[in-house]
Amino acid sequence: MNAETIHQEQIEAAIQAVGVANRPVCLHSSLRSFGYVAGGASAVIDAFLAVGSTLLTPTFSWGFAMPPPVEKRIAQNGWDYDNYLGPTGGIGRIFSPNTKEIDKDMGAIAAAVLNQPDAMRGNHPICSFAAVGPLAARFIEGQHGDNVYAPLDVLADMAGMVVLAGVSLDKMTLIHLAEKQAGRNLFRRFANDANGNLAAVEVGGCSDGFEKLADPLLTLRRTAHVGQSYWQIFRAREALVTAAAAIQADPWITHCGRADCDRCNDAVKGGPVGI
Ligand SMILES: [Zn+2]
């Protein structure tokens with residue numbers, strides 16, 4: 001056996017040690033960060049399921065996004081309508097929670113969650129979540145185009161946790177929900193609904209500045225090393241309340257620092273208006 005190989009049992013032990021066992025977990029992860037995992041992404045998923053967790057992951061699919069309607073422009077919506085360079089992949093396509101399409105940058109573990117035989121996927125064409133485990137249905141049933149972060153609301157309500165496994169705060173979708181709870185409107189993007197009609201859906205904005213939330217979240221954070229993977233662990237409710245308060249106190253805390261970032265510039269003003 002290669003000494004560098006990580007086994008499912010080690011991951012289970014780590015999950016137990018950081019207090020995540022038997023709790024629902026939203027996992028943001030880089031499989032590569034672990035080093036070599038025997039059994040790959042499935043072994044990581046099985047480790048969470050073996051200790052009684054329900055596992056939730058973002059499973060975004062921007063390939064279903066459509067250009068905005070030309071006749072109805074939403075103000076302060078985080079993009080430049082006159083020089084539209086956004087996605088067009090959704091033209092002629094309709095998303096269904098049964099589709100297995102997922103953006104490549106969601107990572108191998110999120111893709112593997114989605115492909116579990118009993119996985120459930122939310123009904124959001126661009127920013128769905130998928131879940132496996134005993135509470136999967138409860139997380140997924142509330143998600144739709146008008147409530148993109150319903151699964152994270154449930155996570156907070158059920159004393160769930162967020163685990164960042166080898167990734168940084170810029171992958172922590174819960175901070176987008178904190179933006180909403182701080183009073184911002186979420187941006188609207190477009191996709192075909194089940195009938196093939198263009199529909200606006202809620203999405204998160206730019207997360208490139210979220211590392212600046214590290215300070216307010218610092219005392220809430222637990223950390224661990226699992227193989228070579230550095231984990232940050234948060235109680236969802238605590239992190240949500242703290243991040244929302246920090247954003248209310250200083251809306252610029254989420255700004256990525258790029259002067260020409262339409263999304264961050266509009267987010268600090270409160271997001272889209274007239275929706
Ligand atoms: Zn930005």
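In listed order, ligands and their atoms are each counted from 1. Note that these values count all heavy atoms, side chains included, but never hydrogens, waters or copies made by symmetry.
- If you run side chain to side chain donor-acceptor pair (under 3.5 Å) between Thr254 and each of Arg184, Arg263, Lys212, only Arg184 comes through.
- In summary, the aromatic rings of Trp62 and Phe60 are positioned with their centroids too far apart to meet the 6.0 Å limit.
- Legend: residues meeting salt bridge (charged side-chain N to carboxylate O under 4.0 Å, His left out) with Asp80, ordered by chain and number and at least two apart, are absent.
- Taking distances strictly below 2.8 Å, the protein N/O/S atoms close to the Zn ion (ligand 1) are Cys206 SG, Cys256 SG, Cys261 SG, Cys264 SG.
- For Phe210 and His176, the gap between ring centers is short of 6.0 Å.
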- Message: With salt bridge (charged side-chain N to carboxylate O under 4.0 Å, His left out) as the criterion, how do Glu101 and Arg93 come out once you've worked through the C-alpha distance, each side chain's angles and the decisive distance to 0.1 Å?
- Response: CA-CA 12 Å; Glu101 184 171 320; Arg93 306 175 70 213; 2.4 Å; yes
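- Residues Asn265 and His255 have side chains that bring a donor and an acceptor to within less than 3.5 angstrom of each other.
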